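By convention in this document, chain letters (A, B, ...) are assigned in the order of the sequence lines, proteins followed by strands, and residues within each chain are numbered from 1. Everything numeric here is computed off the predicted structure, so don't read it as measured data.
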Number of protein chains: 2
Amino acid sequence: MERRPTIIDVARAAGVSKSTVSLVLQNSASVRAETRAAVRAAMEALGYVYNRAAANLRSSGAGLIGLVINDLRNPFFTEFAISLQMALSERGFAAVLANTDETPALQAQVIGAMIEHGVSALIVSPAYGGGETGFDAIARAGLPAMQVLRRVDGRTDLFPFAAPDYPAGSRLATEHLIAEGARNIAFVGGLEGRMVTEERLAGYRATLAGAGLAPLVLPGRSGRSMGRAMARRLAEDHPEVDAALCFNDQVALGLLSGCAEIGRPVGPGGLRIVGFDDIEDCAQSWPPLSSVRCDIAGFGQAVAATILAWVEGDVTPPAEDRPAVDLVIRASSAAQPSKER
Amino acid sequence: MERRPTIIDVARAAGVSKSTVSLVLQNSASVRAETRAAVRAAMEALGYVYNRAAANLRSSGAGLIGLVINDLRNPFFTEFAISLQMALSERGFAAVLANTDETPALQAQVIGAMIEHGVSALIVSPAYGGGETGFDAIARAGLPAMQVLRRVDGRTDLFPFAAPDYPAGSRLATEHLIAEGARNIAFVGGLEGRMVTEERLAGYRATLAGAGLAPLVLPGRSGRSMGRAMARRLAEDHPEVDAALCFNDQVALGLLSGCAEIGRPVGPGGLRIVGFDDIEDCAQSWPPLSSVRCDIAGFGQAVAATILAWVEGDVTPPAEDRPAVDLVIRASSAAQPSKER
DNA sequence: CCATGTATCTGGAACGTTCCAATTCATCTA
DNA sequence: TAGATGAATTGGAACGTTCCAGATACATGG
């Protein structure tokens with residue numbers, strides 16, 4: 001496999017200097033139209049490919065953004081990552097993406113690798129857990145970086161935090177369930193002590209307290225299988241519970257199929273269920289699942305815009321940004337669904 | 001923001017030459033332990049970060065692999081991408097990932113961007129449709145690239161193809177349904193004319209023909225909503241159908257909730273359903289969904305190994321590789337489920 | 001006809017690494 | 001002791017760009 005042609009080869013072929021070729025590459029106005037055409041033709045003929053790494057060596061600004069996600073298998077995070085990546089792509093940036101599987105050590109490793117690869121900024125949905133997280137490495141490299149969806153590193157001046165307004169979401173959902181007549185509302189799923197869980201719990205607790213109702217919190221690993229198992233446990237240990245606010249949609253959908261399994265009806269007259277995140281499957285389950293909509297796609301695009309403004313325009317984002325959420329009511333919690341947008 | 005330190009700064013601080021620092025960076029054996037320690041200490045003190053782009057300029061081999069996927073929202077592709085990325089990460093490679101949303105033009109654009117960013121190879125699950133696909137650009141750049149999960153570009157000598165053995169999968173599934181006593185087996189979902197659909201259909205058609213049964217093919221866009229709508233259509237237009245082999249799990253899960261919606265029982269005695277791909281949700285639905293397991297995680301890892309062997313060891317993969325699949329039997333199609341691995 | 005301006009184009013010095021050939025210095029061999 | 005061996009280190013030339021400070025050619029105005 002022979003060497004790739006460089007601008008020098010192109011210059012020779014077009015009968016101009018390498019500087020001129022460089023100007024053409026940058027669409028400079030100060031190059032004659034015919035010269036430009038000749039250079040372009042030479043590039044085409046030689047099969048020239050631009051070497052961005054070499055260019056960045058001189059004038060840095062790689063056009064690469066690192067995206068580090070704790071759990072890409074969860075559709076909520078997937079959707080976030082995809083919408084972010086596509087928004088970046090539209091603006092000519094590429095995304096280096098890595099899944100850390102909730103492992104801080106892995107996270108530190110991939111962050112290190114990304115820094116070496118010359119990313120101009122990082123967006124991290126951090127893994128929980130102690131030890132080396134990689135944020136120190138980012139600080140050392142002096143790169144712009146945001147924490148999204150979870151706050152793990154306290155230095156929000158260095159690493160601004162952005163996530164949907166979870167407390168408001170669980171408040172909306174709890175108010176809705178109370179308005180629908182539920183009196184024994186359980187909160188299902190979420191690992192205790194984590195910020196996301198605490199935030200989603202906060203709105204629930206506050207609203208119940210305001211209505212003089214008692215909370216029942218059943219935490220746990222938040223997957224489909226946990227929700228499914230919880231259906232049986234709820235029926236056996238807490239038969240009085242008439243509504244469940246779930247930590248996320250995975251738990252809620254699991255609970256839904258668990259209820260189908262044990263033959264317990266879901267919805268008005270049965271167990272009312274509300275999920276959190278409003279992933280795509282919510283609208284397609286049976287019964288369709290009510291959920292707190294975080295507009296994660298819009299959030300991803302917003303984060304893309306924020307990070308690009310930081311990188312390109314030097315606009316530091318606020319230390320904390322909590323976009324609003326809303327509640328989508330479907331048959332799993334009410335007879336009268338809200339209109340789909 | 002001040003300039004990052006370079007090996008020259010490190011060399012000055014450690015009182016050695018830049019060459020020695022470079023040797024330390026490469027863990028060369030021919031540098032004295034104390035010198036190495038001194039250099040390491042200087043790096044630490046200055047907060048040195050390695051500049052891989054500069055290194056690659058001299059001796060190319062970027063350690064970046066491009067991953068271009070047509071639909072990352074589909075958990076099947078997500079799982080593939082993640083397992084591939086994580087396998088690469090283990091071997092010290094980073095993955096640049098992009099979703100093309102089934103748009104060839106977007107695909108061509110991101111492939112171009114990745115080539116400029118200096119990826120050493122590409123793995124593409126291509127979008128269907130005409131026009132510029134980006135494969136020509138890969139060929140021009142002379143980069144190793146594989147087509148996975150779908151074959152779109154005919155040049156399999158240049159772009160080897162790898163995908164699970166779909167025809168064998170649908171054969172297994174159809175044989176199973178026949179053995180279970182089904183006589184009117186429909187094939188639901190999949191867009192006609194596409195290779196994946198044709199392959200998944202092939203095993204179904206062949207097996208039915210061998211058993212003297214008539215096929216019923218109901219193609220369509222393969223999402224959850226399509227499956228859900230199909231439940232009603234099946235009951236109304238084809239009441240004799242006693243089993244459905246679905247194009248993928250999304251359709252099957254949609255069909256499952258559609259059956260719940262119209263009150264039609266699923267499983268032995270009702271409509272038997274088998275999905276395709278065996279995504280994680282299959283085991284958690286109610287009833288649990290039988291599916292053709294492609295071991296997509298294992299497949300992703302295998303593809304990672306193949307591409308690295310190509311990049312690092314110059315081992316060209318075979319033009320076509322079709323790893324075996326198997327059938328996981330659950331309650332949606334039989335009273336006697338197969339053992340989960 | 002000279003000075004000035006304008007539109008194009010160009011040579012060479014960066015950028016931060018790697019790699020090769022060369023150098024140093026101590027130790028070993030005959 | 002001269003020469004060889006070998007380990008550790010070093011200087012300088014790449015790598016493919018960008019960018020700056022000219023250089024060139026030609027038209028313009030006085």
Query raised in the report: Using the C1' atoms of five pairs at each end, what's the angle between the two axes of the helix from C:dC1-D:dG30 to C:dA30-D:dT1, to 10 degrees?
Result: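 Helix axis angle between the two ends: 60°.
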Atom-to-atom span, [atom1] of [X] to [atom2] of [N] - whole angstrom:
X      : N      : atom1 : atom2 : answer
B:M43  : C:dG16 : CE    : P     : 15 Å
A:L23  : C:dA7  : CG    : P     : 15 Å
B:H117 : D:dT17 : NE2   : C1'   : 15 Å
A:R4   : D:dA14 : CZ    : P     : 22 Å
A:N51  : D:dC15 : CG    : P     : 12 Å
A:E116 : C:dT18 : CD    : P     : 11 Å
A:L25  : D:dC19 : CG    : C1'   : 14 Å
A:Q26  : D:dG16 : CD    : P     : 18 Å

If I compare all heavy atoms of [X] with all of [Y], which pair ends up nearest, and what's the gap?
X      : Y      : result
B:N51  : B:Y48  : N-OH, 4.2 Å
B:S83  : B:I296 : OG-O, 3.8 Å
B:N70  : B:P126 : CB-O, 3.9 Å
A:S125 : A:R150 : OG-CD, 4.1 Å

Report task. Count the heavy atoms belonging to other residues, nucleotides or ligands that lie under 6.0 Å from CD of B:E280, then report whether that count exceeds 12. Result ->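 It does not: B:E280 CD has 12 such atoms or fewer within range.
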**Report entry** Heavy atoms of other groups near B:E102 CD, more than 12 under 6.0 Å
**Finding:**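 Correct, the count exceeds 12.
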Query raised in the report: Checking only heavy atoms, does the side chain of A:S19 share a donor-acceptor pair with the base of C:dG11 at less than 3.5 Å?
Result: yes
Report task. Classify the nucleic acid contact of B:S22 as base, sugar-phosphate or nothing, counting any heavy atom under 4.0 Å across all strands shown. Result -> base
Which nucleotide, [options], lies nearest any side-chain atom of [X]?
X     : options                : value
A:I7  : C:dT10, D:dT9, D:dT18  : D:dT18
B:Y50 : D:dT17, C:dT10, C:dT17 : C:dT17
A:L57 : C:dC15, D:dT9, C:dT17  : C:dC15
A:R58 : C:dG11, C:dC15, C:dT17 : C:dC15

Query raised in the report: Got a sec? Which of residues 29-38 of chain B come in under 4.0 Å of DNA chain C, heavy atoms?
Result: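 Output list: empty, so none.
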Query raised in the report: Is the shortest side-chain N/O distance from B:S17 to OP1 or OP2 of D:dT10 below 4.0 Å?
Result: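 Yes, because at least one side-chain N or O of B:S17 sits under 4.0 Å from OP1 or OP2 of D:dT10.
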Requested in this report: Would you indicate, yes or no, if D:dT9 has its OP1 or OP2 atom less than 4.0 angstrom from a side-chain nitrogen or oxygen of B:T20?
Outcome: no
Query - B:F159 six-ring face occupied by B:R151 cation (under 6.0 Å, within 45°) - result: no
**Report entry** Donor-acceptor pair between A:Q26 and A:S22 side chains, under 3.5 angstrom
**Finding:** yes
Query raised in the report: So, do A:L191 and A:Y128 sit near enough that their side-chain heavy atoms are less than 4.5 Å apart?
Result: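 Side chain of A:L191 against side chain of A:Y128, heavy atoms only: no contact under 4.5 Å found.
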Query raised in the report: Any salt bridge between A:R73 and A:D101, counting N to O under 4.0 Å?
Result: yes
